[in-house]
Engineer: 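One structure, as structure tokens, below. Some questions next.
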Amino acid sequence: MSAEVHPSAVVEPGATLGEGCVVGPFCHVGPEVELGPGVELRSHVVVTGATRIGAETLIFPFAVIGEVPQDLKYRGEKTRLEIGARNRIREHVTMNCGTEGGGGVTRVGDDGLFMAGCHVAHDVQIGDWVILVNNAALAGHCVLEDEVIVGGLSGVHQFVRIGRGAIIGAVTMVTNDVIPHGLVQAPRGRLDGLNLVGLKRRGVSRADITALRAAFQMLAQGEGAFQDRARRLGDETQSDYVREIVDFVLAGSDRSFLTPG
């Protein structure tokens, strides 16, 4: 009863609006949608499908959230989209629900920023504090861990994993997995180093940054295959940050890895 719905908006029977929700002019909210407390749809926003949006998320005009996947294998099966709290979803962003073959759910964590024109495809899994800059696109089944930044006009190939704290430069095509805290740039995504600026901003200790630099050099120049170098790192390191990279590499991959040049 405390939700504010503009007279020109359409909220279909069955939709759930949390306390303090605002549904602005010419929005359309489907019958299976659940909006958490304090969610605001500015105007001309479409939220449809089995979509749940967490508290205090703000969605700007002409975003389309929860529509069916852009996947020819989709046959109308019951799937969903789950979005966490306090996200900022800017103009013309699209986020699709999942597919049966991909687990049935697309998930977005908390405190993300999705700038104008971004696309989040079916079955994508996104962590917390993720930023997609203008017109970045994630193909189906991608995984982005916490604190990832994807630069403007960049594209991420389906099934790619991007580890925590990694940064992707603008106008970059990412076709392979990116290690945690990696720095990727160039048109055909190249692993050029570590996201040192991000590490320092998060207050990571000098000792851990030094350990990460040494680990990156070993991954770049050590003997044996990439996974063999990672295993040796795991046997030698005392740093939780390096261990994070080791675990990521040894977890397996559908797309192999971007490796240091």
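Residue numbers start at 1 and run along the sequence shown.
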Engineer: Is it the case that the side chain of Thr57 and the backbone of Gly84 share a donor-acceptor pair, with hydrogens and angles ignored and the cut-off at 3.5 Å?
Structural biologist: yes

Engineer: Kindly indicate whether the side chain of Ser43, heavy atoms from C-beta on, has any atom under 4.5 Å from the side chain of Phe26.
Structural biologist: no

Engineer: For the pair Asp177 and Arg255, evaluate salt bridge (charged side-chain N to carboxylate O under 4.0 Å, His left out) and give the outcome as yes or no after the intermediate values.
Structural biologist: CA-CA 6 Å; Asp177 290 358; Arg255 295 292 308 170; over 6 Å; no

Engineer: His119 and Thr94: which non-hydrogen atoms are nearest, and at how many Å?
Structural biologist: ND1-OG1, 2.7 Å

Engineer: Are the side chains of Cys97 and Pro69 in contact, using a 4.5 Å heavy-atom criterion?
Structural biologist: yes

Engineer: Taking Gln125 for the side chain and Val105 for the main chain, is one N or O donor matched with an acceptor at less than 3.5 Å?
Structural biologist: yes

Engineer: Can you measure from CZ (Arg232) to CG (Leu219) and round to the nearest 0.5 angstrom?
Structural biologist: 9.5 Å

Engineer: Side-chain heavy atoms under 4.5 angstrom apart, residues restricted to Ile, Leu, Val, Met, Phe, Trp, Tyr: same cluster for Leu196 and Val204?
Structural biologist: yes

Engineer: In residues 126-139, what donor-acceptor pairs under 3.5 Å come from side-chain atoms, sequence neighbours left out?
Structural biologist:
| from | atom 1 | to | atom 2 | distance (Å) |
| --- | --- | --- | --- | --- |
| Asp128 | OD1 | Asp110 | N | 2.8 |

Engineer: Taking Tyr241 as the starting point, is it possible to reach Val246 by hopping between hydrophobic residues whose side chains are less than 4.5 Å apart?
Structural biologist: yes

Engineer: Tell me if a side-chain donor or acceptor on Arg161 pairs with a main-chain N or O of Gly252 at a distance below 3.5 Å.
Structural biologist: yes

Engineer: Quick one: are the ring centres of His122 and Tyr74 less than 6.0 Å apart?
Structural biologist: no

Engineer: Does Thr16 use its side chain to pair, donor to acceptor, with the backbone of Glu34 at less than 3.5 Å?
Structural biologist: no

Engineer: Return the CD1 to CD1 distance between Ile59 and Ile89, rounded to the nearest 0.5 Å.
Structural biologist: 4.0 Å

Engineer: If every non-hydrogen atom of Ser154 is compared with every non-hydrogen atom of Val150, which pair is closest and at what distance?
Structural biologist: CB-CG1, 3.9 Å

Engineer: Any side-chain donor-acceptor pair under 3.5 Å between Asp71 and Thr99?
Structural biologist: no

Engineer: Would you say that more than 12 heavy atoms from the other residues, nucleotides or ligands in this model lie under 6.0 Å from the CG of Asp235, or not?
Structural biologist: yes

Engineer: Taking the side chain from Arg80 and the backbone from Gly49, do they hold a donor-acceptor pair closer than 3.5 Å?
Structural biologist: no

Engineer: To the closest 0.5 Å, what do you measure between CZ (Arg190) and CG (Leu183)?
Structural biologist: 9.5 Å

Engineer: For atom CZ of Arg213, is the number of surrounding heavy atoms from other residues, nucleotides or ligands below 6.0 Å larger than 12?
Structural biologist: no

Engineer: Considering non-hydrogen atoms only, spot the tightest contact between Ala50 and Thr79 and give its length.
Structural biologist: CB-O, 3.6 Å

Engineer: Is it the case that Asp208 and Ser239 place a side-chain donor and acceptor less than 3.5 Å from each other?
Structural biologist: yes

Engineer: Which distance, rounded to the nearest 0.5 Å, do you find between the CG of Leu194 and the CD of Gln217?
Structural biologist: 9.0 Å

Engineer: Can you check whether Ile245 reaches Phe216 side chain to side chain, under 4.5 Å on heavy atoms?
Structural biologist: no

Engineer: Less than 4.0 angstrom from a charged side-chain N to a carboxylate O is my criterion; do Arg86 and Glu56 meet it?
Structural biologist: no

Engineer: Minimum heavy-atom separation for Val93 and Met115, please, with both atom names.
Structural biologist: CG2-O, 3.3 Å

Engineer: Is Met218 reachable from Leu199 through a run of I, L, V, M, F, W or Y residues, each pair having side-chain heavy atoms under 4.5 Å apart?
Structural biologist: yes

Engineer: Could you report the tightest heavy-atom contact between Val148 and Gly163, atom names first, then the distance?
Structural biologist: CG2-O, 3.3 Å

Engineer: Quick one: pull up CZ in Arg164 and CD1 in Ile162 and give me the separation to the nearest 0.5 Å.
Structural biologist: 15.0 Å

Engineer: Is the Phe248 ring parallel, tilted or perpendicular to the Phe257 ring (thresholds 30°, 60°)?
Structural biologist: perpendicular

Engineer: Tell me whether Met173 is reachable from Val120 by hopping between hydrophobic residues (I, L, V, M, F, W, Y) whose side-chain heavy atoms are closer than 4.5 Å.
Structural biologist: no

Engineer: So that I can tick it off, tell me whether Arg243 and Asp240 are bridged by a salt bridge, with the cut-off set at under 4.0 angstrom between side-chain N and carboxylate O.
Structural biologist: no

Engineer: What distance do Leu41 atom CG and Ile53 atom CD1 have between them, rounded to the nearest 0.5 Å?
Structural biologist: 6.5 Å

Engineer: Are the side chain of Thr51 and the backbone N or O of Val33 linked by a donor-acceptor pair below 3.5 Å?
Structural biologist: no

Engineer: Does some side-chain heavy atom of His44 sit less than 4.5 Å from a side-chain heavy atom of Phe62?
Structural biologist: yes

Engineer: Is any side-chain heavy atom of Ile168 closer than 4.5 Å to one of Val156?
Structural biologist: no

Engineer: What are the two closest non-hydrogen atoms of Ala116 and Arg90, and how far apart are they?
Structural biologist: N-CB, 3.6 Å

Engineer: Does Glu19, at its CD atom, have more than 12 non-hydrogen atoms belonging to other residues, nucleotides or ligands within less than 6.0 Å?
Structural biologist: no

Engineer: Do you reckon Ile83 sits in the same ILVMFWY cluster as Leu58, going by side-chain contacts under 4.5 Å, direct or chained?
Structural biologist: no

Engineer: Tell me if a side-chain donor or acceptor on Glu147 pairs with a main-chain N or O of Gly165 at a distance below 3.5 Å.
Structural biologist: no

Engineer: For Glu100, does the CD atom have more than 12 heavy-atom neighbours from other residues, nucleotides or ligands under 6.0 Å away?
Structural biologist: no

Engineer: Quick one, Val184 with Asp192, criterion side-chain contact (heavy atoms from CB on, under 4.5 Å). Give me CA distance, side-chain angles, the key distance, then yes/no.
Structural biologist: CA-CA 6 Å; Val184 175; Asp192 269 353; over 6 Å; no

